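Bear in mind the structure is a predicted one, so any value in this text is a computation, not a measurement. We're numbering straight along the sequence, starting at 1.
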Amino acid sequence: MADILCFVVGIWIVPYNTVAGAVTYIILRFFTNLPIGIITVLTIAMFFDVVDDLEMKTGKRLEGTVFSFRSLCSFCGGAFY
């Protein structure tokens, strides 16, 4: 949806070949991609918290298991996308 918004604004409202169009495009791309960056950072932080929680409960550091599971989830999510 964000790509469509940037395309429509860039083609019909403010052309890309002007300075105003380039600035508008950069601003739109920043705000449309900002949530993706926030979600990525928060997800990684939550995985580290899971590793710490598992270490407190079991006494073992299971980083390999947790991050392998993360890779598996990412792989499966990419297969369905």
Set of residues satisfying side-chain contact (heavy atoms from CB on, under 4.5 Å) with respect to K60, sequence neighbours excluded
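Partners of K60 under the side-chain contact (heavy atoms from CB on, under 4.5 Å) test: T58, L62.
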For V50, all residues meeting side-chain contact (heavy atoms from CB on, under 4.5 Å), sequence neighbours excluded
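V50 satisfies side-chain contact (heavy atoms from CB on, under 4.5 Å) with L54, V66 once adjacent residues are dropped.
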Does one hydrophobic cluster hold both L34 and I27, with members joined at side-chain heavy-atom distances below 4.5 Å?
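L34 clusters together with I27.
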My understanding is that only residues two or more places apart in sequence, or in another chain, count here; which of them pass ring-ring contact (aromatic ring centres under 6.0 Å, His included) with F31?
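Result, ring-ring contact (aromatic ring centres under 6.0 Å, His included) vs F31: none returned.
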With sequence neighbours excluded, what pairs up with F69 under the ring-ring contact (aromatic ring centres under 6.0 Å, His included) test?
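Applying ring-ring contact (aromatic ring centres under 6.0 Å, His included) to F69 gives none.
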Residues two or more places apart in sequence or in another chain: which of them pass side chain to side chain donor-acceptor pair (under 3.5 Å) with R61?
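Checked R61 against side chain to side chain donor-acceptor pair (under 3.5 Å); matches are D52, E55, E63.
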For N33 and R29, indicate whether the former's side chain and the latter's backbone hold a donor-acceptor pair under 3.5 Å.
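Checked: pair present.
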Without placing hydrogens or testing angles, list every side-chain donor-acceptor pair under 3.5 Å for residues 38-45, not counting sequence neighbours.
from : atom 1 : to  : atom 2 : distance (Å)
T40  : OG1    : I36 : O      : 2.8
T43  : OG1    : I39 : O      : 2.7

